[in-house]
2 protein chains.
Amino acid sequence: MSICGMVKKTSGAPRREESLSRERIIDAAIALLDDAGESGLTFRALALKLVTGPGAIYWHVANKSELLTAACDAIVARAMNAPLADATPEATLRAIALGMFDAIDAHPWVGSALAHAPGQLPAVRILERIGQQLRLLGVPREREWTTVSALLSYILGVGGQNAANAQFAQAEGLNRADFLESLANTWSELDPAEYPFASSIARQLPDHDDRADFLTGIDLILKGMRSLRRG
Amino acid sequence: MSICGMVKKTSGAPRREESLSRERIIDAAIALLDDAGESGLTFRALALKLVTGPGAIYWHVANKSELLTAACDAIVARAMNAPLADATPEATLRAIALGMFDAIDAHPWVGSALAHAPGQLPAVRILERIGQQLRLLGVPREREWTTVSALLSYILGVGGQNAANAQFAQAEGLNRADFLESLANTWSELDPAEYPFASSIARQLPDHDDRADFLTGIDLILKGMRSLRRG
DNA sequence: GACATAAATGGAACGTCGTTCCAAGATATT
DNA sequence: AATATCTTGGAACGACGTTCCATTTATGTC
(Lines give C-alpha, C1' and ligand atoms only; values in the text may rest on other atoms or scores of the structure.)
Protein backbone atom coordinates (compact mmCIF):
# COMPACT_ATOMS: atom_id res chain seq x y z
CA MET A 1 0.00 0.00 0.00
CA SER A 2 2.47 2.65 1.11
CA ILE A 3 5.42 3.33 -1.13
CA CYS A 4 7.87 4.08 1.63
CA GLY A 5 7.20 1.01 3.68
CA MET A 6 9.98 1.39 6.16
CA VAL A 7 8.90 4.01 8.61
CA LYS A 8 11.42 3.79 11.36
CA LYS A 9 9.76 4.11 14.72
CA THR A 10 12.22 6.45 16.39
CA SER A 11 11.10 6.02 19.95
CA GLY A 12 11.21 2.86 21.98
CA ALA A 13 7.64 3.31 23.19
CA PRO A 14 6.18 0.45 25.24
CA ARG A 15 3.64 -0.25 22.56
CA ARG A 16 2.85 1.10 19.21
CA GLU A 17 0.99 4.30 19.70
CA GLU A 18 -1.73 3.26 17.30
CA SER A 19 -2.12 -0.27 18.65
CA LEU A 20 -5.57 -1.71 19.05
CA SER A 21 -7.33 -2.03 22.36
CA ARG A 22 -10.84 -2.87 23.46
CA GLU A 23 -11.37 0.73 24.43
CA ARG A 24 -10.24 2.15 21.13
CA ILE A 25 -12.45 -0.34 19.30
CA ILE A 26 -15.50 0.58 21.37
CA ASP A 27 -14.89 4.28 20.80
CA ALA A 28 -14.66 3.73 17.07
CA ALA A 29 -17.83 1.64 17.17
CA ILE A 30 -19.69 4.43 18.95
CA ALA A 31 -18.51 6.94 16.37
CA LEU A 32 -19.64 4.67 13.56
CA LEU A 33 -23.05 4.09 15.16
CA ASP A 34 -23.57 7.79 15.80
CA ASP A 35 -22.63 8.68 12.25
CA ALA A 36 -24.43 6.01 10.28
CA GLY A 37 -26.92 4.42 12.66
CA GLU A 38 -27.40 0.82 13.61
CA SER A 39 -26.47 -0.52 10.19
CA GLY A 40 -23.29 1.54 10.11
CA LEU A 41 -21.45 -0.77 12.49
CA THR A 42 -19.61 -3.38 10.44
CA PHE A 43 -16.37 -5.15 11.13
CA ARG A 44 -15.15 -4.00 7.75
CA ALA A 45 -16.01 -0.34 8.34
CA LEU A 46 -14.54 -0.65 11.81
CA ALA A 47 -11.33 -2.14 10.43
CA LEU A 48 -11.12 0.64 7.90
CA LYS A 49 -11.52 3.31 10.56
CA LEU A 50 -8.92 1.63 12.77
CA VAL A 51 -6.57 0.99 9.82
CA THR A 52 -6.38 -2.75 10.33
CA GLY A 53 -8.14 -5.91 9.21
CA PRO A 54 -11.38 -7.44 10.48
CA GLY A 55 -9.52 -10.39 11.98
CA ALA A 56 -7.49 -8.23 14.35
CA ILE A 57 -10.61 -6.87 16.02
CA TYR A 58 -11.65 -10.35 17.10
CA TRP A 59 -8.60 -10.57 19.34
CA HIS A 60 -10.13 -7.90 21.59
CA VAL A 61 -13.86 -8.49 21.13
CA ALA A 62 -15.73 -11.80 21.02
CA ASN A 63 -18.32 -10.90 18.40
CA LYS A 64 -20.55 -8.14 17.12
CA SER A 65 -23.24 -8.61 19.73
CA GLU A 66 -20.74 -8.20 22.55
CA LEU A 67 -19.30 -5.13 20.86
CA LEU A 68 -22.72 -3.53 20.49
CA THR A 69 -23.58 -4.21 24.11
CA ALA A 70 -20.24 -2.78 25.21
CA ALA A 71 -20.80 0.37 23.17
CA CYS A 72 -24.28 0.65 24.63
CA ASP A 73 -22.91 0.17 28.12
CA ALA A 74 -20.42 2.97 27.66
CA ILE A 75 -23.24 5.41 26.88
CA VAL A 76 -25.52 4.11 29.64
CA ALA A 77 -22.71 4.23 32.21
CA ARG A 78 -21.99 7.82 31.27
CA ALA A 79 -25.68 8.72 31.70
CA MET A 80 -26.17 6.82 34.93
CA ASN A 81 -23.02 8.07 36.61
CA ALA A 82 -23.88 11.70 36.02
CA PRO A 83 -24.13 13.43 39.39
CA LEU A 84 -27.63 14.37 40.46
CA ALA A 85 -28.68 17.20 42.67
CA ASP A 86 -29.90 16.08 46.07
CA ALA A 87 -33.64 16.03 45.86
CA THR A 88 -36.61 13.93 46.84
CA PRO A 89 -36.46 10.32 45.64
CA GLU A 90 -39.30 11.02 43.23
CA ALA A 91 -37.51 13.96 41.67
CA THR A 92 -34.37 11.86 41.41
CA LEU A 93 -36.31 9.07 39.71
CA ARG A 94 -37.57 11.58 37.18
CA ALA A 95 -34.04 12.81 36.61
CA ILE A 96 -32.75 9.26 36.10
CA ALA A 97 -35.49 8.51 33.60
CA LEU A 98 -34.91 11.77 31.75
CA GLY A 99 -31.19 11.02 31.65
CA MET A 100 -31.87 7.79 29.84
CA PHE A 101 -34.34 9.46 27.50
CA ASP A 102 -31.79 12.08 26.55
CA ALA A 103 -29.04 9.52 26.10
CA ILE A 104 -31.21 7.49 23.72
CA ASP A 105 -32.33 10.63 21.96
CA ALA A 106 -28.69 11.52 21.31
CA HIS A 107 -27.73 7.94 20.38
CA PRO A 108 -30.87 6.20 19.05
CA TRP A 109 -29.03 2.91 18.50
CA VAL A 110 -28.70 2.63 22.29
CA GLY A 111 -32.44 2.11 22.55
CA SER A 112 -32.27 -0.79 20.20
CA ALA A 113 -29.14 -2.28 21.77
CA LEU A 114 -30.70 -2.08 25.23
CA ALA A 115 -33.75 -3.95 24.03
CA HIS A 116 -31.58 -6.77 22.69
CA ALA A 117 -29.47 -7.23 25.82
CA PRO A 118 -31.96 -8.08 28.54
CA GLY A 119 -30.48 -8.48 31.99
CA GLN A 120 -27.03 -7.50 30.79
CA LEU A 121 -24.85 -4.87 32.41
CA PRO A 122 -26.39 -1.80 30.74
CA ALA A 123 -29.89 -2.69 31.90
CA VAL A 124 -28.61 -3.60 35.37
CA ARG A 125 -27.09 -0.13 35.73
CA ILE A 126 -30.49 1.45 35.18
CA LEU A 127 -32.23 -1.07 37.39
CA GLU A 128 -29.74 -0.40 40.18
CA ARG A 129 -30.10 3.33 40.02
CA ILE A 130 -33.89 3.13 40.08
CA GLY A 131 -33.94 0.48 42.79
CA GLN A 132 -31.87 2.58 45.17
CA GLN A 133 -34.36 5.43 44.89
CA LEU A 134 -37.28 3.07 45.44
CA ARG A 135 -35.72 1.99 48.72
CA LEU A 136 -35.28 5.61 49.76
CA LEU A 137 -38.92 6.07 48.86
CA GLY A 138 -39.89 3.29 51.26
CA VAL A 139 -41.40 0.90 48.75
CA PRO A 140 -42.08 -2.34 50.66
CA ARG A 141 -39.81 -5.26 49.81
CA GLU A 142 -42.53 -7.38 48.29
CA ARG A 143 -43.35 -4.65 45.81
CA GLU A 144 -39.76 -3.71 44.89
CA TRP A 145 -39.46 -6.07 41.95
CA THR A 146 -42.73 -5.27 40.25
CA THR A 147 -42.20 -1.54 40.71
CA VAL A 148 -38.68 -1.40 39.38
CA SER A 149 -39.50 -3.62 36.46
CA ALA A 150 -42.54 -1.50 35.55
CA LEU A 151 -40.40 1.62 35.43
CA LEU A 152 -37.64 -0.13 33.52
CA SER A 153 -40.06 -1.63 31.01
CA TYR A 154 -41.59 1.75 30.35
CA ILE A 155 -38.21 3.40 29.86
CA LEU A 156 -37.02 0.64 27.54
CA GLY A 157 -40.32 0.75 25.68
CA VAL A 158 -40.10 4.46 24.95
CA GLY A 159 -36.40 4.12 24.14
CA GLY A 160 -37.04 1.31 21.73
CA GLN A 161 -39.72 3.26 19.92
CA ASN A 162 -37.49 6.30 19.66
CA ALA A 163 -34.76 4.13 18.22
CA ALA A 164 -37.14 2.59 15.71
CA ASN A 165 -38.50 5.97 14.70
CA ALA A 166 -35.02 7.30 14.09
CA GLN A 167 -33.99 4.25 12.09
CA PHE A 168 -37.20 4.26 10.07
CA ALA A 169 -36.83 7.94 9.28
CA GLN A 170 -33.20 7.51 8.29
CA ALA A 171 -34.06 4.58 6.04
CA GLU A 172 -36.47 6.79 4.13
CA GLY A 173 -34.16 9.77 4.18
CA LEU A 174 -36.51 11.91 6.24
CA ASN A 175 -35.97 13.99 9.32
CA ARG A 176 -38.13 13.49 12.37
CA ALA A 177 -40.67 16.16 11.45
CA ASP A 178 -41.23 14.89 7.92
CA PHE A 179 -41.46 11.32 9.13
CA LEU A 180 -44.13 12.20 11.70
CA GLU A 181 -45.96 14.23 9.09
CA SER A 182 -46.11 11.29 6.69
CA LEU A 183 -47.24 9.01 9.51
CA ALA A 184 -49.99 11.47 10.40
CA ASN A 185 -51.16 11.46 6.80
CA THR A 186 -51.33 7.68 6.75
CA TRP A 187 -53.32 7.63 9.97
CA SER A 188 -55.66 10.31 8.70
CA GLU A 189 -56.54 8.20 5.72
CA LEU A 190 -57.61 5.24 7.83
CA ASP A 191 -61.29 4.38 7.69
CA PRO A 192 -62.90 6.47 10.48
CA ALA A 193 -65.50 3.76 10.99
CA GLU A 194 -62.88 1.17 11.78
CA TYR A 195 -60.28 3.46 13.37
CA PRO A 196 -62.21 6.32 14.97
CA PHE A 197 -59.59 7.00 17.61
CA ALA A 198 -56.45 6.71 15.51
CA SER A 199 -57.79 8.79 12.64
CA SER A 200 -59.02 11.51 14.97
CA ILE A 201 -55.80 11.74 16.91
CA ALA A 202 -53.53 11.65 13.85
CA ARG A 203 -53.17 15.41 13.61
CA GLN A 204 -51.67 15.58 17.09
CA LEU A 205 -48.84 13.33 15.99
CA PRO A 206 -46.54 15.86 14.29
CA ASP A 207 -46.71 18.47 17.04
CA HIS A 208 -46.32 16.43 20.17
CA ASP A 209 -43.28 16.64 22.44
CA ASP A 210 -41.70 13.22 22.92
CA ARG A 211 -39.77 14.27 25.97
CA ALA A 212 -42.74 15.83 27.73
CA ASP A 213 -44.92 12.81 26.93
CA PHE A 214 -42.24 10.51 28.28
CA LEU A 215 -42.12 12.42 31.54
CA THR A 216 -45.90 12.40 31.81
CA GLY A 217 -45.82 8.62 31.57
CA ILE A 218 -43.22 8.42 34.33
CA ASP A 219 -45.38 10.68 36.48
CA LEU A 220 -48.38 8.46 35.81
CA ILE A 221 -46.50 5.46 37.20
CA LEU A 222 -45.15 7.43 40.14
CA LYS A 223 -48.66 8.66 40.94
CA GLY A 224 -49.89 5.08 40.82
CA MET A 225 -47.18 4.04 43.25
CA ARG A 226 -48.10 6.86 45.58
CA SER A 227 -51.77 6.01 45.61
CA LEU A 228 -50.83 2.37 46.21
CA ARG A 229 -48.76 3.37 49.22
CA ARG A 230 -51.69 5.31 50.64
CA GLY A 231 -54.43 2.86 49.76
CA MET B 1 -51.50 2.20 -1.30
CA SER B 2 -54.45 0.90 -3.32
CA ILE B 3 -55.09 -2.77 -2.83
CA CYS B 4 -55.54 -4.30 -6.24
CA GLY B 5 -57.59 -2.69 -8.89
CA MET B 6 -58.29 -5.64 -11.16
CA VAL B 7 -61.43 -7.32 -9.99
CA LYS B 8 -62.36 -9.09 -13.21
CA LYS B 9 -62.18 -12.66 -11.96
CA THR B 10 -65.66 -13.78 -13.02
CA SER B 11 -64.56 -17.34 -13.61
CA GLY B 12 -64.45 -20.03 -10.96
CA ALA B 13 -61.04 -21.46 -11.75
CA PRO B 14 -58.85 -19.45 -9.37
CA ARG B 15 -55.36 -20.56 -10.32
CA ARG B 16 -53.19 -23.50 -9.70
CA GLU B 17 -54.05 -24.99 -6.39
CA GLU B 18 -50.54 -24.63 -5.04
CA SER B 19 -49.91 -21.18 -6.51
CA LEU B 20 -48.25 -18.57 -4.39
CA SER B 21 -50.17 -15.79 -2.72
CA ARG B 22 -49.40 -13.13 -0.17
CA GLU B 23 -51.50 -14.97 2.37
CA ARG B 24 -49.80 -18.32 1.85
CA ILE B 25 -46.42 -16.65 2.14
CA ILE B 26 -47.34 -14.89 5.38
CA ASP B 27 -48.66 -18.12 6.86
CA ALA B 28 -45.45 -19.91 5.99
CA ALA B 29 -43.44 -17.04 7.47
CA ILE B 30 -45.36 -17.29 10.73
CA ALA B 31 -44.75 -21.03 10.87
CA LEU B 32 -41.05 -20.50 10.28
CA LEU B 33 -40.83 -17.77 12.94
CA ASP B 34 -42.72 -19.86 15.47
CA ASP B 35 -40.53 -22.89 14.83
CA ALA B 36 -37.09 -21.32 14.66
CA GLY B 37 -37.43 -17.81 16.07
CA GLU B 38 -36.50 -14.51 14.56
CA SER B 39 -33.49 -15.84 12.72
CA GLY B 40 -35.51 -18.66 11.24
CA LEU B 41 -37.20 -16.42 8.69
CA THR B 42 -35.09 -16.51 5.53
CA PHE B 43 -36.14 -16.14 1.93
CA ARG B 44 -34.34 -19.36 1.18
CA ALA B 45 -36.03 -21.31 3.98
CA LEU B 46 -39.32 -19.74 2.96
CA ALA B 47 -38.78 -20.75 -0.67
CA LEU B 48 -37.96 -24.28 0.44
CA LYS B 49 -41.12 -24.54 2.50
CA LEU B 50 -43.20 -23.16 -0.35
CA VAL B 51 -41.41 -25.31 -2.94
CA THR B 52 -40.33 -22.41 -5.11
CA GLY B 53 -37.39 -20.03 -5.51
CA PRO B 54 -36.55 -16.91 -3.54
CA GLY B 55 -37.25 -14.69 -6.54
CA ALA B 56 -40.88 -15.76 -6.82
CA ILE B 57 -41.65 -14.52 -3.32
CA TYR B 58 -40.68 -10.99 -4.26
CA TRP B 59 -43.58 -10.83 -6.68
CA HIS B 60 -45.99 -10.86 -3.74
CA VAL B 61 -43.95 -9.17 -1.03
CA ALA B 62 -41.75 -6.08 -1.30
CA ASN B 63 -38.97 -7.13 1.08
CA LYS B 64 -38.24 -8.90 4.32
CA SER B 65 -39.18 -6.00 6.54
CA GLU B 66 -42.64 -5.76 4.98
CA LEU B 67 -43.08 -9.50 5.31
CA LEU B 68 -42.13 -9.46 8.97
CA THR B 69 -44.51 -6.59 9.68
CA ALA B 70 -47.30 -8.39 7.81
CA ALA B 71 -46.72 -11.57 9.81
CA CYS B 72 -46.72 -9.52 12.99
CA ASP B 73 -49.93 -7.81 11.95
CA ALA B 74 -51.66 -11.11 11.39
CA ILE B 75 -50.96 -12.12 14.99
CA VAL B 76 -51.83 -8.72 16.43
CA ALA B 77 -55.07 -8.54 14.45
CA ARG B 78 -56.06 -11.95 15.75
CA ALA B 79 -55.39 -10.82 19.33
CA MET B 80 -57.09 -7.44 19.01
CA ASN B 81 -60.21 -8.74 17.27
CA ALA B 82 -60.90 -11.32 19.94
CA PRO B 83 -64.30 -10.59 21.45
CA LEU B 84 -64.24 -9.20 24.96
CA ALA B 85 -66.85 -9.60 27.65
CA ASP B 86 -68.72 -6.39 28.36
CA ALA B 87 -67.08 -4.91 31.39
CA THR B 88 -65.90 -1.61 32.79
CA PRO B 89 -63.47 0.27 30.53
CA GLU B 90 -60.69 -0.38 33.02
CA ALA B 91 -61.33 -4.11 33.01
CA THR B 92 -61.42 -4.07 29.22
CA LEU B 93 -58.11 -2.21 29.12
CA ARG B 94 -56.58 -4.89 31.29
CA ALA B 95 -57.98 -7.57 29.00
CA ILE B 96 -56.57 -5.83 25.92
CA ALA B 97 -53.15 -5.54 27.51
CA LEU B 98 -53.20 -9.16 28.64
CA GLY B 99 -54.23 -10.22 25.17
CA MET B 100 -51.12 -8.61 23.75
CA PHE B 101 -48.95 -10.09 26.47
CA ASP B 102 -50.22 -13.57 25.74
CA ALA B 103 -49.83 -13.12 21.98
CA ILE B 104 -46.20 -12.07 22.41
CA ASP B 105 -45.65 -14.85 24.90
CA ALA B 106 -46.87 -17.37 22.33
CA HIS B 107 -44.94 -15.70 19.47
CA PRO B 108 -41.93 -13.89 20.95
CA TRP B 109 -40.81 -12.60 17.56
CA VAL B 110 -43.94 -10.42 17.51
CA GLY B 111 -42.51 -8.35 20.34
CA SER B 112 -39.41 -7.63 18.34
CA ALA B 113 -41.29 -6.99 15.10
CA LEU B 114 -43.62 -4.56 16.83
CA ALA B 115 -40.70 -2.61 18.19
CA HIS B 116 -39.24 -2.23 14.70
CA ALA B 117 -42.44 -1.04 13.01
CA PRO B 118 -43.38 2.13 14.87
CA GLY B 119 -46.61 3.72 13.77
CA GLN B 120 -47.36 0.90 11.35
CA LEU B 121 -50.61 -1.00 11.19
CA PRO B 122 -49.94 -3.49 13.98
CA ALA B 123 -49.19 -0.75 16.49
CA VAL B 124 -52.16 1.29 15.29
CA ARG B 125 -54.49 -1.63 15.98
CA ILE B 126 -53.39 -1.66 19.61
CA LEU B 127 -53.52 2.11 19.89
CA GLU B 128 -57.03 2.15 18.48
CA ARG B 129 -58.34 -0.46 20.82
CA ILE B 130 -56.85 1.27 23.84
CA GLY B 131 -57.96 4.71 22.69
CA GLN B 132 -61.59 3.66 22.39
CA GLN B 133 -61.60 2.51 26.00
CA LEU B 134 -59.94 5.71 27.15
CA ARG B 135 -62.81 7.66 25.60
CA LEU B 136 -65.34 5.45 27.35
CA LEU B 137 -63.40 6.12 30.51
CA GLY B 138 -63.84 9.85 30.02
CA VAL B 139 -60.21 10.82 29.69
CA PRO B 140 -60.17 14.48 28.64
CA ARG B 141 -59.12 15.17 25.05
CA GLU B 142 -55.94 16.99 25.97
CA ARG B 143 -54.72 13.98 27.91
CA GLU B 144 -55.71 11.32 25.38
CA TRP B 145 -52.43 11.25 23.52
CA THR B 146 -50.09 11.08 26.49
CA THR B 147 -52.24 8.44 28.17
CA VAL B 148 -52.56 6.14 25.20
CA SER B 149 -48.90 6.44 24.35
CA ALA B 150 -47.88 5.69 27.94
CA LEU B 151 -49.90 2.48 27.90
CA LEU B 152 -48.65 1.53 24.46
CA SER B 153 -45.01 2.20 25.36
CA TYR B 154 -45.30 0.06 28.44
CA ILE B 155 -46.88 -2.81 26.52
CA LEU B 156 -44.28 -2.62 23.77
CA GLY B 157 -41.51 -2.36 26.36
CA VAL B 158 -42.54 -5.52 28.17
CA GLY B 159 -43.15 -7.27 24.87
CA GLY B 160 -39.73 -6.33 23.56
CA GLN B 161 -38.03 -7.61 26.69
CA ASN B 162 -39.94 -10.88 26.53
CA ALA B 163 -38.89 -11.26 22.91
CA ALA B 164 -35.26 -10.55 23.76
CA ASN B 165 -35.32 -12.99 26.66
CA ALA B 166 -36.70 -15.72 24.47
CA GLN B 167 -34.17 -15.08 21.73
CA PHE B 168 -31.28 -14.89 24.17
CA ALA B 169 -32.30 -18.13 25.84
CA GLN B 170 -32.71 -19.88 22.49
CA ALA B 171 -29.30 -18.66 21.34
CA GLU B 172 -27.72 -20.32 24.38
CA GLY B 173 -29.88 -23.41 24.13
CA LEU B 174 -31.57 -22.82 27.46
CA ASN B 175 -35.19 -22.81 28.49
CA ARG B 176 -36.67 -19.86 30.29
CA ALA B 177 -36.06 -21.22 33.79
CA ASP B 178 -32.40 -22.04 33.18
CA PHE B 179 -31.83 -18.70 31.52
CA LEU B 180 -33.28 -16.78 34.46
CA GLU B 181 -31.28 -18.94 36.83
CA SER B 182 -28.03 -18.10 35.07
CA LEU B 183 -28.95 -14.42 35.02
CA ALA B 184 -29.66 -14.54 38.74
CA ASN B 185 -26.24 -16.04 39.33
CA THR B 186 -24.58 -13.28 37.37
CA TRP B 187 -26.44 -10.61 39.31
CA SER B 188 -25.63 -12.28 42.61
CA GLU B 189 -21.94 -12.07 41.86
CA LEU B 190 -22.03 -8.32 41.31
CA ASP B 191 -20.14 -6.24 43.85
CA PRO B 192 -22.70 -5.53 46.60
CA ALA B 193 -21.01 -2.21 47.31
CA GLU B 194 -21.57 -0.99 43.79
CA TYR B 195 -24.82 -2.84 43.08
CA PRO B 196 -26.61 -3.21 46.42
CA PHE B 197 -30.06 -3.31 44.90
CA ALA B 198 -29.41 -5.59 41.92
CA SER B 199 -27.41 -8.12 43.90
CA SER B 200 -29.98 -8.28 46.69
CA ILE B 201 -32.92 -8.70 44.34
CA ALA B 202 -31.22 -11.28 42.12
CA ARG B 203 -32.72 -14.28 43.89
CA GLN B 204 -36.25 -13.09 43.11
CA LEU B 205 -35.49 -13.26 39.39
CA PRO B 206 -36.01 -16.98 38.74
CA ASP B 207 -39.31 -17.25 40.60
CA HIS B 208 -41.21 -14.19 39.47
CA ASP B 209 -44.32 -14.36 37.32
CA ASP B 210 -43.90 -12.29 34.17
CA ARG B 211 -47.60 -12.14 33.47
CA ALA B 212 -48.57 -11.04 36.96
CA ASP B 213 -45.81 -8.42 36.99
CA PHE B 214 -47.00 -7.11 33.64
CA LEU B 215 -50.53 -6.74 34.94
CA THR B 216 -49.28 -5.00 38.07
CA GLY B 217 -47.56 -2.44 35.87
CA ILE B 218 -50.75 -1.85 33.90
CA ASP B 219 -52.63 -1.38 37.15
CA LEU B 220 -50.01 1.10 38.31
CA ILE B 221 -50.63 3.23 35.25
CA LEU B 222 -54.40 2.90 35.53
CA LYS B 223 -54.20 3.92 39.18
CA GLY B 224 -52.14 6.94 38.19
CA MET B 225 -54.76 7.92 35.62
CA ARG B 226 -57.51 7.59 38.20
CA SER B 227 -55.75 9.72 40.74
CA LEU B 228 -55.08 12.27 38.01
CA ARG B 229 -58.77 12.36 37.15
CA ARG B 230 -59.62 12.97 40.78
CA GLY B 231 -56.81 15.38 41.58
C1' DG C 1 22.86 -9.68 21.78
C1' DA C 2 20.63 -14.14 20.31
C1' DC C 3 17.06 -17.09 20.77
C1' DA C 4 12.45 -19.03 22.07
C1' DT C 5 7.81 -18.04 23.36
C1' DA C 6 3.76 -15.63 23.41
C1' DA C 7 0.81 -11.71 22.03
C1' DA C 8 -1.10 -9.30 18.39
C1' DT C 9 -2.03 -8.28 13.60
C1' DG C 10 -4.30 -8.18 8.99
C1' DG C 11 -5.62 -10.11 4.75
C1' DA C 12 -7.77 -13.98 2.39
C1' DA C 13 -11.46 -17.06 2.32
C1' DC C 14 -15.98 -19.49 3.77
C1' DG C 15 -20.75 -19.72 4.16
C1' DT C 16 -25.10 -17.18 4.55
C1' DC C 17 -27.98 -13.56 3.88
C1' DG C 18 -31.27 -10.03 1.24
C1' DT C 19 -31.99 -8.81 -3.11
C1' DT C 20 -31.89 -8.41 -8.32
C1' DC C 21 -32.08 -10.22 -12.84
C1' DC C 22 -33.90 -12.73 -16.47
C1' DA C 23 -35.13 -16.64 -19.31
C1' DA C 24 -38.81 -19.72 -19.18
C1' DG C 25 -43.55 -21.30 -18.05
C1' DA C 26 -48.40 -20.38 -17.22
C1' DT C 27 -52.57 -17.83 -18.02
C1' DA C 28 -55.56 -14.51 -20.14
C1' DT C 29 -57.04 -11.89 -24.26
C1' DT C 30 -57.79 -11.24 -29.15
C1' DA D 1 -53.52 -19.79 -32.97
C1' DA D 2 -51.11 -15.88 -31.80
C1' DT D 3 -49.99 -12.38 -28.77
C1' DA D 4 -49.52 -10.01 -24.48
C1' DT D 5 -49.32 -10.18 -19.63
C1' DC D 6 -48.75 -12.26 -15.26
C1' DT D 7 -46.01 -15.42 -12.53
C1' DT D 8 -42.29 -18.46 -11.51
C1' DG D 9 -37.70 -20.17 -9.93
C1' DG D 10 -32.91 -20.56 -10.33
C1' DA D 11 -28.55 -18.19 -10.93
C1' DA D 12 -25.80 -14.51 -9.60
C1' DC D 13 -24.29 -10.12 -6.97
C1' DG D 14 -22.56 -7.72 -3.22
C1' DA D 15 -22.24 -7.34 1.76
C1' DC D 16 -22.10 -9.29 5.99
C1' DG D 17 -20.15 -12.01 10.41
C1' DT D 18 -16.81 -14.96 11.27
C1' DT D 19 -12.70 -18.18 10.91
C1' DC D 20 -8.14 -19.31 9.61
C1' DC D 21 -3.41 -18.71 9.39
C1' DA D 22 0.97 -16.84 7.91
C1' DT D 23 3.35 -12.99 9.50
C1' DT D 24 4.89 -9.40 12.49
C1' DT D 25 5.85 -7.47 17.02
C1' DA D 26 6.77 -7.61 21.87
C1' DT D 27 8.39 -10.14 26.01
C1' DG D 28 11.15 -13.18 28.80
C1' DT D 29 15.57 -16.09 29.28
C1' DC D 30 20.23 -17.34 28.88
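As a basis for the values below, the full set of heavy atoms in this structure was taken, side chains included, without hydrogen atoms, waters or symmetry mates. Each chain gets a letter, A, B and so on, in the order the sequences are listed, and its residues count up from 1.
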side-chain contact (heavy atoms from CB on, under 4.5 Å) partner of B:Y154, chosen from B:L156, B:L152, B:V158
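Running side-chain contact (heavy atoms from CB on, under 4.5 Å) over B:L156, B:L152, B:V158 with B:Y154 returns exactly one hit, B:V158.
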Provide, to the nearest angstrom, the distance between the [atom1] atom belonging to [X] and the [atom2] atom belonging to [N].
X	N	atom1	atom2	value
B:R24	D:dT8	CZ	P	9 Å
A:L20	D:dT24	CG	C1'	14 Å
B:L46	C:dT19	CG	P	12 Å
A:R44	D:dG14	CZ	P	14 Å
A:K64	D:dA15	NZ	C1'	11 Å
A:Y58	D:dG17	OH	P	7 Å
B:I57	D:dG10	CD1	C1'	12 Å
B:N63	D:dA15	CG	P	19 Å

Picking from [options], which would you name as closest to the side chain of [X]?
X	options	answer
B:S19	D:dT18, D:dT8, C:dT19	D:dT8
A:F43	D:dT18, D:dT7, D:dG9	D:dT18
B:T52	D:dG9, C:dT19, D:dT18	D:dG9

Answer yes or no: does a side-chain N or O of [X] lie under 4.0 Å from OP1 or OP2 of [N]?
X	N	result
A:H60	C:dA7	no
A:W59	C:dT9	no
B:T42	C:dC17	yes

A:D210 side chain reached by A:F101 side chain, heavy atoms, under 4.5 Å:
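Side chain of A:F101 against side chain of A:D210, heavy atoms only: contact under 4.5 Å found.
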Less than 4.5 Å apart, side chain to side chain, heavy atoms only: is that true for B:Q161 and A:S153?
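Yes, side chains in contact.
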In terms of the angle between their ring planes, are A:H116 and B:H116 parallel, tilted or perpendicular, with boundaries placed at 30° and 60°?
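The arrangement is tilted - the two ring planes meet at 30° to 60°.
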Mind checking if B:L67 touches a base, just sugar-phosphate, or nothing, with heavy atoms under 4.0 Å?
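No contact.
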Classify the nucleic acid contact of A:L48 as base, sugar-phosphate or nothing, counting any heavy atom under 4.0 Å across all strands shown.
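Nothing, no nucleic acid heavy atom in range.
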Reading DNA chain C from 5' onward, which residue's closest nucleotide shows up sooner: B:S39 or B:A56?
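Its nearest nucleotide being more 5', the pick is B:S39.
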For A:N162 and A:R176, test the side chains for any donor-to-acceptor distance below 3.5 angstrom and give the result as yes or no.
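Their side chains do not contain a donor-acceptor pair, so the 3.5 Å distance test is not met.
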Nearest nucleotide by nearest heavy atom, which residue falls closer to the 5' end of DNA chain D, A:A45 or A:G55?
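The answer here is A:A45.
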